[in-house]
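Presented below is the structure to which this report refers.
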Amino acid sequence: MLEIQRIRQEKEQIIEGLKKRHFDATKIIDEVISADAAWRQKKTELENVAAQMNSISKEIGILFREGKTDEANAAKAKTGELKEQENKLKNEVDALENDITELMYQLPNVPNELVKAGKSEEDNEIIEEVGTKPVFNHEVFPHWELAEKHDLIDFELGVKVTGAGFPIYKGKGAKLQRALISFFLDEAEKAGYQEHMPPLVVNEASGFGTGQLPDKEGQMYHIGEDDLYLIPTAEVPLTNIYRDVILPDDNFSIKITGYTPCFRREAGSYGKDVRGLNRLHQFDKVEIVRIEHPDNTADALQEMLDHVKGLLDKLGLQYRVLRLCGGDTGFAAAMTYDFEVYSAAQEKWLEVSSVSRFDAFQANRLKLRFKNADKKSQLCHTLNGSALALPRIVAALLENNQTADGIMIPEVLQSYTGFDRI
RNA sequence: GGAGAGUUGGCAGAGUGGUCGAAUGCGGCGGUCUUGAAAACCGUUGUACCGCAAGGUACCGGGGGUUCGAAUCCCUCACUCUCCGCCA
């Protein structure tokens, strides 16, 4: 959620910025500003009436204590009209507040100045491309065929037990999952992130805190009986640790990481994009989350990008880095970089990480603040990124490392897997 | 699943209809004293919103109600704890 103060002060810049998303905010912002002006006026009126009521009530109390019952009852009679006014104003103020909140929920974050205007993924900028496409002198197989051939992942069995999109990893396939998770966590720890193991279900307040609710309700699995949600990413529990928190000073830099399974309903997905590991309802991911002073956000983002690059370098995967255009940048993000690895057999790029800065947008919903040098509360900045999501990494590793002698395991993983080939 | 007890400021903990945004203690901050520190003593110390300011308003788990007036009474929801049962 954008800050109302910012909308009052930087109306034009916000409208300009949101144009990069092909989002015309003019109407909403005008409505917000006029509703906000009306709200402040009504609010002041309401508070004046409340002040009068309070002072009369106080007097009545004193009169009763002094035994002046008649005078007290006379004063009581005066309150009727005020009370009516108060109720009327209260209703008006509440209605305006609801209007404003509803309007504000519709406004996405303002893209960073580096973000280019654009409508869809077609307009994303390729910032960097690392490595070369693998060359094969034999037939290449997609990962779902390799997984079946080597008995690594059983998609059919997953369908039997749960449904499509819930694969069962077996033998070396399961071990490879475990190895990647440990490797990613160890690397995050080396980079200064404290490991957390959070709950996999969250309450409604947490869903609102990170912005999955109310908009993306249909994307999460909901446990109706207890009104809890399966997490779509570790971002939700990890970030919500800091909901309603005021950090005591401006000298902080919070870096946390966590491995969790992620659950996504992926309603509306279909076709060849969902083949094999490309899109799942449950998958594993190591997430990194940072809470930073606004002055430090740009540096933090760069560090996170370098971290993810390091992981892909160590795994020996070819990858490219994209800066998403306005239209493709998520609702809450100010800027997002995607990492894609090349799938040799599918001959396409697979997104394996998304690293974003949210600036104060998320913190505003979370009420996550710090005390600045003037002892005033100020919103923190939040950032997060995948480091990394497993399924497509596994897909690329299987496909790109296939040889006539089996599938080669990258050296950095061998101490975790205990084998060097499949 | 059954029974009971709770939810108050950073923490502990009083407060059962009016002068309560809330005693007291601890912690924090500032000061006195001290070569320095500790102790002691004095002062100070919640959040948010409106306002140039003075000041005002709201908040005692959430929501609703009664009342001129609610931390306090009523309803409702959520959560926590204890005991019993079950159990990895």
Side-chain angles (χ1 to χ4, degrees), chain A residues 1-9 32-104 197-209 213-214 222-229 237 240-252 254 261 360 363-380:
Chain A
M1 195 156 60
L2 293 172
E3 296 147 90
I4 186 80
Q5 297 88 336
R6 188 170 167 203
I7 293 181
R8 283 181 207 147
Q9 288 157 19
V32 168
I33 287 175
S34 76
D36 178 59
W39 174 79
R40 277 187 287 173
Q41 198 208 322
K42 291 289 179 191
K43 179 87 171 169
T44 306
E45 284 179 38
L46 173 63
E47 288 181 354
N48 287 337
V49 173
Q52 287 180 56
M53 283 288 283
N54 286 345
S55 87
I56 291 176
S57 295
K58 210 166 263 187
E59 282 170 32
I60 292 173
I62 294 167
L63 290 171
F64 271 123
R65 201 162 326 102
E66 292 172 348
K68 299 174 180 167
T69 317
D70 292 345
E71 285 178 54
N73 284 328
K76 264 199 210 182
K78 285 194 296 187
T79 58
E81 195 186 333
L82 277 175
K83 209 177 175 186
E84 210 168 287
Q85 265 187 56
E86 191 180 20
N87 279 334
K88 182 167 164 275
L89 285 166
K90 186 155 192 324
N91 288 336
E92 288 173 344
V93 168
D94 285 350
L96 284 165
E97 263 168 28
N98 286 337
D99 291 351
I100 292 168
T101 307
E102 205 154 295
L103 289 165
M104 298 284 281
M197 212 182 247
L200 307 182
V201 291
V202 294
N203 56 29
E204 195 180 33
S206 293
F208 274 96
L213 297 173
H222 182 222
I223 304 163
E225 195 169 0
D226 296 299
D227 201 15
L228 296 170
Y229 295 85
N240 272 285
I241 292 171
Y242 291 92
R243 170 154 48 83
D244 290 322
V245 166
I246 301 177
L247 301 169
D249 56 55
D250 60 1
N251 181 24
F252 64 91
I254 294 168
N364 193 26
R365 272 204 197 181
L366 288 164
K367 296 203 177 68
L368 166 54
R369 293 158 291 179
F370 66 96
K371 288 286 186 191
N372 64 22
D374 302 328
K375 304 267 185 201
K376 294 259 189 184
S377 296
Q378 190 179 335
L379 292 170
C380 300

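Lettering follows sequence order; numbering is per chain, from 1.
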**OP:** With side chain to side chain contact (heavy atoms under 4.5 Å, CB included) as the test, would you mind laying out the steps for A:N73 and A:K76 before giving the verdict?
**Re:** CA-CA 5 Å; A:N73 284 328; A:K76 264 199 210 182; 3.9 Å; yes

**OP:** Decide side chain to side chain contact (heavy atoms under 4.5 Å, CB included) for A:D227 and A:H222; before the verdict, give the C-alpha distance in whole Å, the side-chain angles of both, and the deciding distance to 0.1 Å.
**Re:** CA-CA 7 Å; A:D227 201 15; A:H222 182 222; 2.7 Å; yes

Original post:
Can you give one letter per nucleotide of nucleotides 48-58 of chain B, 5' to 3': B if a protein heavy atom sits under 4.0 Å from the base, S if only from the sugar-phosphate, - if neither?
Top reply: SSSS----BBS

Subject >> Note, A:I33 side chain near A:I7 side chain (heavy atom, < 4.5 Å) >> reply: yes

Original post:
Base, sugar-phosphate, or nothing: which does A:I56 touch, judged by heavy atoms less than 4.0 Å apart?
Top reply: nothing

**OP:** For B:C74 versus B:U7, give the span between their P atoms, rounded off to a whole number of Å.
**Re:** 14 Å

Subject >> C1' spacing across the pair B:U34 / B:C41, given as an integer number of angstrom >> reply: 14 Å

Original post:
Atom NZ of A:K376 to atom P of B:U47: distance rounded to whole Å?
Top reply: 11 Å

Original post:
Given the C1' atoms of B:G9 and B:A23, what is the spacing between them in whole Å?
Top reply: 13 Å

Original post:
What distance, rounded to whole Å, do you find between the two C1' atoms, one in B:C42 and one in B:C52?
Top reply: 35 Å

Original post:
Quantified in whole Å, what is the P atom distance between nucleotide B:A40 and nucleotide B:A48?
Top reply: 33 Å

Original post:
Between the side chains of A:S206 and A:N203, is a donor N or O closer than 3.5 angstrom to an acceptor N or O?
Top reply: yes

Original post:
Mapping A:D94 and A:K83 onto RNA chain B by nearest heavy atom, which one lands closer to the 5' end?
Top reply: A:D94

Original post:
How close or far is atom P of B:G17 from atom CD1 of A:I62, stated in whole angstroms?
Top reply: 19 Å

Subject >> Any A:E97 side-chain heavy atom under 4.5 Å of A:V93 side chain >> reply: yes

Subject >> Separation of the P atoms in B:G1 and B:C49, to the nearest angstrom >> reply: 41 Å

Original post:
Side chains of A:L228 and A:E204: closer than 4.5 Å at any heavy-atom pair?
Top reply: no

Original post:
Rounding to the closest angstrom, what is the interatomic distance between B:C60 and B:A22 at atom C1'?
Top reply: 8 Å

**OP:** To the nearest Å, give me how far apart CG (A:N203) and C1' (B:U80) are.
**Re:** 14 Å

Original post:
Taking only residues two or more places apart in sequence or in another chain, which ones pass side-chain hydrogen bond (donor to acceptor under 3.5 Å, both in side chains) with A:E66?
Top reply: A:K68

**OP:** Looking at every strand, decide which applies to A:T79 at a 4.0 Å heavy-atom threshold: base, sugar-phosphate, or nothing.
**Re:** sugar-phosphate

Subject >> Residue list, salt bridge (charged side-chain N to carboxylate O under 4.0 Å, His left out) with A:K371, at least two apart or on another chain >> reply: none

Under 3.5 Å between N/O atoms: give me all the protein pairs with nucleotides 6-11 of chain B, atom names plus distance.
none

Subject >> Gap between atoms CG and C1', on A:L82 and B:G69 respectively (whole Å) >> reply: 13 Å

Original post:
Expressed in angstrom and rounded to an integer, what is the separation of A:K76 atom NZ from B:U66 atom C1'?
Top reply: 13 Å

**OP:** Under the salt bridge (charged side-chain N to carboxylate O under 4.0 Å, His left out) rule, collect the residues that match up with A:D36, sequence neighbours excluded.
**Re:** A:R8, A:R40

Original post:
How does RNA chain B look in dot-bracket form if you count Watson-Crick and G-U pairs under 3.5 Å, write [ ] for pairs that cross, and put | where a base pairs with another strand?
Top reply: ((((((((.[[[..)..(.....]]]((((((.......))))))(((((....))))).[[[[[..)....]]]]])))))))....

Original post:
B:G64 and B:G69: how far apart are their P atoms, nearest whole angstrom?
Top reply: 16 Å

Subject >> d(CG, A:N87; P, B:G64) in whole Å >> reply: 12 Å

Original post:
Would you say the side chain of A:I223 lies within less than 4.5 Å of the side chain of A:Y229, judging by non-hydrogen atoms?
Top reply: no

Original post:
Please give, in whole Å, the distance from B:U67 C1' to A:N73 CG?
Top reply: 13 Å

Subject >> Side-chain touch A:E45/A:N48, heavy atoms, less than 4.5 angstrom >> reply: no

Original post:
Once you round it to whole Å, what is the distance between P of B:U47 and CZ of A:F370?
Top reply: 15 Å

**OP:** Measure the shortest side-chain to side-chain distance between A:Y242 and A:C380 over non-hydrogen atoms and say whether it is less than 4.5 angstrom.
**Re:** no

Subject >> Within-4.5 Å side-chain heavy-atom neighbours: A:I4 and A:V32 >> reply: yes

